[in-house]
Every structure is written in structure tokens, then in C-alpha cells.
Amino acid sequence: MNSTRTRRVLGSAAATAVAALSVGTLAVPAHAAGPILSLDVGALIQIQGEPTTQPEFGENVFVRVGRTGTAPVPGAKLILDTTGLVGVAELTASGGRCVTAARAITCDLNNLSSPNVNLTDHLWLSAVPGVKPGTRGVVRAALTAPGAESAYKEFAVEVGGAVFRTAEIPLKEHAKVGSTFSPAVRFANRGGVSAARAVVEVMLLPGLKVENWPSNCEYATDPGQIGKEGFGTPIATTHAVCTVEGQVLPNEPVRLNGLDLTVTSEAEYTFADFSVFADPNAAAAQGPALRQRLAFQRGTGAPATLTRDSAEGIPSGYPDINGHFTEQEVLADNGADFGLTGTWAPDASGRAGTLTVTAANRGPASIFDRSGGEGTPFVRIQLPEGATVTDLPKNCRANNRVLGETQDRPLNKFDCEAFGFFMANGASSSHVLGVQLDEGTVPLSATVSFQNQHSDMEEGYPSAPMSWDPNPENDRIKVALRSLPAPGPTVPDRGAGTPVEPVSPVVPASAADSTGSGSGSGGGTTATGSTGGTAATATTPRTGTGTTGTAGTGTPGLADGGELADSGRGDAVPLAWASATALALGGAALLTSRRLGRRRS
């Protein structure tokens with residue numbers, strides 16, 4: 001597990017009192033008109049008790065700056081008054097835009113052109129020699145610009161104080177829907193003084209719940225802030241802040257008890273995040289910001305407790321930026337039926353109309369894809385010769401490649417976004433294409449299938465391998481565009497006098513194609529359409545089954561009625577799914593778990 005996670009650094013409400021600062025260079029009057037500047041930094045930053053050399057490009061102070069409006073704000077400056085750090089710590093900046101004079105650091109931000117961006121000037125705090133563990137100082141910060149309303153923040157710096165470092169939690173495999181278990185949340189105090197309490201922040205994703213929250217926990221439901229901030233798809237989460245009173249001595253290992261997780265019908269692959277702090281206002285703590293926008297309520301169950309535990313697996317030494325964090329991953333014996341449906345609505349002439357294709361997760365599980373798109377299906381529409389697209393949705397595009405090579409003729413093949421990295425039970429996405437048919441009497445049909453990135457670069461993908469799907473039959477269908485000869489209702493079959501059977505409007509792949517659908521491992525998805533609702537289907541183990549098509553042979557069973565055989569596996573078309581690298585969030589953006597997008601081996 002080698003990903004990094006940098007939480008958004010948010011100050012507590014008390015930090016807003018710094019707006020009235022009048023210390024030296026910070027006494028800058030606010031402006032009533034013009035853009036409003038914003039300054040975001042943690043209320044408490046904890047550093048090691050001994051002087052530490054700054055690593056190359058290292059930083060342990062994360063600041064975000066911004067402005068309202070759309071126009072750049074010229075002349076923006078960040079001023080850091082470090083007078084309150086005398087005898088405690090030294091603050092330096094090595095980004096090239098900052099100069100230090102006496103106890104003030106001034107960073108020239110020039111044209112501030114973003115509403116919320118990380119400061120990239122490598123701010124570094126180091127303790128002064130001989131400082132007593134637990135000693136605190138203060139830094140006063142101001143963001144100013146001519147004609148703009150200034151922003152002010154104050155943050156405390158604690159040297160060698162109580163700070164927790166967590167152990168990794170073992171993966172829980174073959175979890176049964178409805179079962180309850182206790183996650184092994186274990187941590188130790190790696191600071192130089194005792195902690196009076198442990199503040200445990202919890203985030204549960206769909207598929208996990210706490211039946212009865214402990215009475216020393218407060219919890220709230222978030223309808224989908226993660227998606228709004230990072231991926232465009234809402235993900236309902238549950239947040240909790242548990243405050244467990246009790247002294248934790250330096251280097252003492254403990255375990256959290258009394259917080260049991262229940263596996264729900266939405267689980268297939270899911271996880272819970274735990275962050276442990278000695279102070280509720282620690283720089284990486286989300287509690288203060290969450291309380292500003294969510295309605296928390298107190299649990300009624302038996303209080304959570306801490307018990308002394310083994311130090312095995314708990315890293316020693318002072319924690320890095322992610323040292324407070326651990327995660328419980330869960331693989332449940334469950335599945336989700338992904339299915340395709342399609343309809344053809346011709347106009348009065350019968351030679352033009354609209355083709356509507358819908359991709360849906362019929363549940364019961366919600367599906368995540370942590371592989372960065374390899375397991376995320378999109379929809380491929382293969383039109384026959386004699387059919388021409390006249391109106392292509394903006395989230396669809398032509399694909400004229402086979403195994404990554406551009407062909408010298410159009411393939412009448414179109415790829416449409418369906419899902420991102422998460423798709424909730426009951427979610428769906430639809431695409432409506434305008435299609436013109438050539439004159440003629442030959443039946444025509446479109447082939448619609450789930451595909452993924454591997455489909456376009458490797459052979460043997462008649463449809464996307466989705467290990468969670470217990471019903472691959474509806475992962476590849478045919479939609480009749482002209483099922484009866486024109487103009488009459490029937491024509492003789494090669495002169496034999498037997499009427500031609502009309503083509504079924506929608507048939508599963510297996511009904512017409514012996515290749516069936518592929519099997520393999522995959523992740524989960526996000527619907528680009530509506531979400532919600534429930535769907536009932538039998539639960540299945542994670543490993544799906546199916547027959548993989550023969551490489552390079554096309555699909556002759558589906559290419560009837562003059563249809564162009566779906567021979568192309570295409571090139572990798574980067575649609576709108578979330579990539580693993582998109583989750584290197586930079587600075588300290590909240591978004592979601594540091595591992596939401598990491599590759600899972």
C-alpha cells in the first residue's frame with residue numbers, strides 16, 4: 001500500500017477570530033468591495049520534538065489560498081508572522097517566491113487565479129534545540145491584495161506533543177452480508193507527552209454500517225460530498241467522531257473496542273477509514289469542517305473504550321503526514337447484476353430514428369473500481385453497414401481502431417461513457433443516438449456491449465469482464481433497427497415461400513453468439529446518470545464465470561442481417577472514469593480516502 005493521502009487542511013471556527021489581527025505587518029485593513037480572498041490552514045500543526053532537516057521538496061505546513069470570482073487577483077501576498085514561535089520552532093519557506101525579514105515571511109503570489117489552490121513554497125517547521133515536549137507557539141497568517149478583502153488565520157505549533165501512529169488493518173475477505181465484526185484499530189502514542197484522550201474519526205462507505213453507535217461517538221450522514229469535490233458522482237458516506245477519554249502514555253500501544261461494523265447488501269468491495277488524533281484540531285482532522293456542514297447526533301450504545309495492546313505492526317518513530325490514518329478493506333461474498341437494455345424508435349419513414357441504450361447496476365451490491373479504469377465498463381455500440389449516426393451524444397465518440405491501430409475506414413463503432421469508479425446499486429446511465437438507415441429490405445441490428453480499457457488493447461473481450469456480475473447474459477445484447485422487410489410485412493425466404501421471422505428487438509449475447517462474455521477481475525463503477533433505488537438479485541461470490549471469445553475472429557453469430565461484425569477491440573479510449581493518478585490529490589484536498597483510487601493488486 002504505497003499511495004499517499006493528504007487531507008485538506010482546515011482551520012477550526014475559532015481561527016476566524018484572527019481576522020482582527022493588528023500585529024505589525026498583519027494590520028492590513030479589509031476591503032468591502034472586490035474579490036474576497038481565502039486562507040485555509042490547520043488550527044494545530046504538530047512537529048517532532050527535535051530539530052529536523054527539511055527533505056528535498058519536503059513540507060509539513062499545508063496552506064491553501066484562493067479568491068472569489070473568475071479574474072486573477074494581482075499583487076497577492078501571503079505574510080506569515082512567526083513572532084509567536086520564538087523559543088519553540090523555526091519556520092522556513094524554500095519555494096523561491098518567499099523572503100524572510102526579521103520574524104516575517106512574505107510570499108509574493110503575483111496573480112492569484114484560483115478559488116482554492118495549494119501553496120507550493122515548501123513551508124517547513126523544525127523545533128529549536130532543547131525545547132520541552134508539548135510546548136506550543138503560534139503563527140499569524142494574512143493573505144492580502146490591493147482592492148481585495150484580506151483573509152487572516154492563526155495556527156498553533158506544538159513540538160513533541162502527543163501524536164498517534166496507526167497499524168495497518170488486515171483485509172477482511174469473504175465477508176457475509178449481514179455479518180458483524182470488530183475492525184482491529186490499533187495505534188500508539190509516538191509523542192513525548194501523554195495523551196489525555198484519543199479522537200477517532202470514522203468514515204464508512206456504502207456496504208458498511210454501525211448498528212448502534214457508542215455513546216461517546218457522534219455521527220452524521222453525508223449525501224455525497226466526496227463526489228461533489230472530486231469525481232462528479234455523489235457517494236453517500238457516514239462520518240463519525242468518537243472521543244475516548246483516558247490517558248495514553250508515550251509509546252503505549254492501544255486498541256479501540258466497541259465499534260463494530262455490519263456488512264450490508266451493498267457490499268462487494270468496500271472500506272472504512274479511521275484517523276486517530278490526540279487533539280480534535282490537529283491539522284489533518286476533518287471533524288471541525290464536517291461539523292460546519294453536517295448535522296451530527298450522539299450514539300446511544302455502550303461507550304467505545306481503549307485497551308492496552310501489542311505494539312506489533314505499529315510503526316515506531318514520529319508519524320509522517322499520513323501516520324494517523326488506517327483503513328479496513330472488506331471483500332464480501334456478494335455480487336451486482338450489470339445489465340444493458342436498448343430500444344429503437346423509428347420515424348414514420350422507418351429509415352431514421354433514435355437508438356436508446358441504458359446501462360444499469362441492478363444490485364444488490366454497489367461497486368467500486370480501484371484499478372483506475374481497468375474494471376470500469378463503458379458501453380460499445382456497433383452499428384451495421386447500412387446504418388449511419390446522425391446525432392452522437394457528447395459523451396460518446398467514434399472508435400476506429402483495432403488493438404490500438406487506426407483503421408483506414410470507419411468501423412461504425414462508438415464508445416459511450418457509462419460509469420466512473422463507483423456505481424451505486426440501482427444507478428443507471430443512458431445514451432440516445434440518432435441513426436439513419438439506408439433503403440433496403442435486409443434486417444439490421446446494433447450490437448451493444450459492456451467494454452473496458454483492456455477491451456481496446458487486448459484480444460478476447462467480447463464484453464467487459466466483471467467478476468462481480470452473476471448474470472453476464474445481459475452484458476451484450478442486440479437491438480433490431482429494421483426487423484421486418486420493407487415495404488411488405490414478409491418476404492419469401494430465398495424463394496421458398498416461407499415468411500421471414502422478425503428479429504427479436506433485444507436478445508442477450510448468448511442467444512445469438514456462442515462467445516458469451518468474458519470473465520476476470522475488476523473493480524467498481526460510478527453511474528453518470530441517476531442514482532438511487534434498489535434492485536434484487538441473488539448474491540454470488542466475487543469470481544464470475546463466462547466463456548471468452550476467440551481472439552481476432554469477430555462475432556459472426558451477431559453479425560447477421562448485414563451487420564458489420566464486431567471485430568474491433570479498439571484502442572484505449574479514455575472516457576470519464578476516475579484514474580488512479582487522479583487521486584494523488586496534492587496539497588491537502590479532502591475528497592476521500594487516500595486509497596480510493598489506488599491500484600489494488
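Note that the numbering runs from 1 along the sequence shown for the chain.
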- Query: Is the shortest distance from a Lys or Arg side-chain nitrogen in K209 or D260 to a carboxylate oxygen in the other one below 4.0 Å?
  - Reply: no

- Query: Got a second to check how far S182's OG is from L261's CG, nearest 0.5 Å?
  - Reply: 8.0 Å

- Message: Using modelled atom types and a 3.5 Å cut-off, is there a donor and acceptor pairing between side-chain atoms of R298 and backbone atoms of S215?
- Response: yes

- Message: Strictly distance-based, threshold 3.5 Å: is any side-chain N or O of R67 a donor or acceptor partner for the main-chain N or O of L37?
- Response: no

- Message: Between the side chains of R97 and D121, is the shortest nitrogen-to-carboxylate-oxygen separation below 4.0 Å, so that they form an ion pair?
- Response: yes

- Check: F57 ring centre within less than 6.0 Å of H122 ring centre: yes

- Task: Taking the side chain as every heavy atom from C-beta outward, state whether P319 and V163 have any pair of such atoms under 4.5 Å apart.
- Result: yes

- Query: Step by step, would you call E201 with S275 a side chain to side chain donor-acceptor pair (under 3.5 Å)?
  - Reply: CA-CA 5 Å; E201 295 184 350; S275 296; 5.1 Å; no

- Task: Would you give the length of the straight line joining atom CZ of F378 to atom CD of Q453, rounded to the nearest 0.5 angstrom?
- Result: 8.0 Å

- Item | Within-4.5 Å side-chain heavy-atom neighbours: V117 and R64 | no

- K172 side chain reached by E329 side chain, heavy atoms, under 4.5 Å: no

- Item | Student check: side-chain heavy atoms of V63 and F155 closer than 4.5 Å | no

- Message: So does T52 get a backbone contact from the side chain of W124, meaning a donor-acceptor N/O pair under 3.5 Å?
- Response: yes

- Message: One pair to check against side chain to side chain contact (heavy atoms under 4.5 Å, CB included): V138 and L85. What are the steps and the verdict?
- Response: CA-CA 6 Å; V138 67; L85 290 183; over 6 Å; no

- Does the side chain to side chain contact (heavy atoms under 4.5 Å, CB included) test come out yes or no for V65 and L109, once each step is laid out? CA-CA 10 Å; V65 295; L109 306 185; 4.1 Å; yes

- Task: Of all the heavy-atom pairs spanning V193 and G134, show the shortest one and how long it is.
- Result: CG1-N, 4.2 Å

- Message: side chain to side chain contact (heavy atoms under 4.5 Å, CB included) for F274 and M203? Distances and angles first, verdict last.
- Response: CA-CA 7 Å; F274 300 91; M203 183 178 74; over 6 Å; no

- Message: Is a donor from one side chain sitting under 3.5 angstrom from an acceptor on the other, for N452 and T376?
- Response: no

- Query: Ignoring hydrogens and geometry, is there a side-chain-to-backbone donor-acceptor pair from N216 to A304 under 3.5 Å?
  - Reply: yes

- Note, Y318 side chain near Q46 side chain (heavy atom, < 4.5 Å): yes

- Please examine the side chains of V185 and L259, heavy atoms only from C-beta on, and report whether any two atoms are closer than 4.5 Å. no

- Message: Can you give me the closest heavy-atom contact between G87 and V131, atom names plus distance?
- Response: O-CG2, 3.8 Å

- Carboxylate-amine/guanidinium contact R308 E252, below 4.0 Å: yes

- Is the side chain of N118 donor-acceptor paired with the backbone N or O of T120 at a distance under 3.5 Å, no angle test? no

- Task: Taking T270 for its side chain and V330 for its backbone only, find out whether a donor-acceptor pair lies under 3.5 Å.
- Result: no

- Item | Contact summary for G258 and P214, nearest pair of heavy atoms | O-CG, 3.4 Å

- Item | Nearest heavy atoms of P170 and Q328, plus distance in Å | O-NE2, 3.0 Å

- Would you check if P377 and F419 make a side-chain contact, meaning some heavy-atom pair closer than 4.5 Å? yes

- Task: List the atom of A145, the atom of A76, and the distance in Å for their closest heavy-atom pair.
- Result: CB-CA, 3.8 Å

- Query: Counting N and O atoms only, with roles assigned by atom type, does the side chain of R140 sit under 3.5 Å from a partner on the main chain of I79, one being a donor and the other an acceptor?
  - Reply: no

- Expected output: side-chain R197 to main-chain V248 donor-acceptor under 3.5 Å: no

- Cation-pi, F296 ring and R291 (6.0 angstrom, 45 degrees): yes

- Message: Within this structure, what is the OG-CG distance for the pair S126 and N60, rounded to the nearest 0.5 Å?
- Response: 8.5 Å

- Message: What I'd like to find out is whether the side chain of P288 reaches to under 4.5 Å of the side chain of N281, using heavy atoms alone.
- Response: yes

- Query: Hey, what do you get for CG (L119) to CZ (F62), rounding to the nearest 0.5 Å?
  - Reply: 11.0 Å

- Task: Determine, using ring centers only, whether F164 and H324 are less than 6.0 Å apart.
- Result: no

- Message: Whether the N111 and S113 side chains hold a donor-acceptor pair (N or O, under 3.5 Å, no angle test) is what I'd like checked.
- Response: no

- Query: Looking at CG of L123 and SG of C107, how far apart are the two atoms once the value is rounded to the nearest 0.5 Å?
  - Reply: 6.0 Å

- In a check of side chain to side chain contact (heavy atoms under 4.5 Å, CB included) between T237 and each of T221, L208, D273, L205, which one passes? L205

- Charged N-O contact under 4.0 Å between R293 and D222: yes

- Message: Can you tell me how far apart CG (L125) and CD (E59) are? Round to the nearest 0.5 Å.
- Response: 11.5 Å

- Item | Test side chain to side chain contact (heavy atoms under 4.5 Å, CB included) applied to D309 and F187, step by step | CA-CA 9 Å; D309 199 85; F187 52 96; over 6 Å; no

- Closest non-hydrogen contact found for R186 with A311 is NH2-C, 3.9 Å

- Query: With distance as the sole test, does K153 use its side chain to make a donor-acceptor pair with the main-chain N or O of V41 at under 3.5 Å?
  - Reply: no

- Test item: T135 side-chain N/O and K132 main-chain N/O as donor-acceptor pair under 3.5 Å: yes

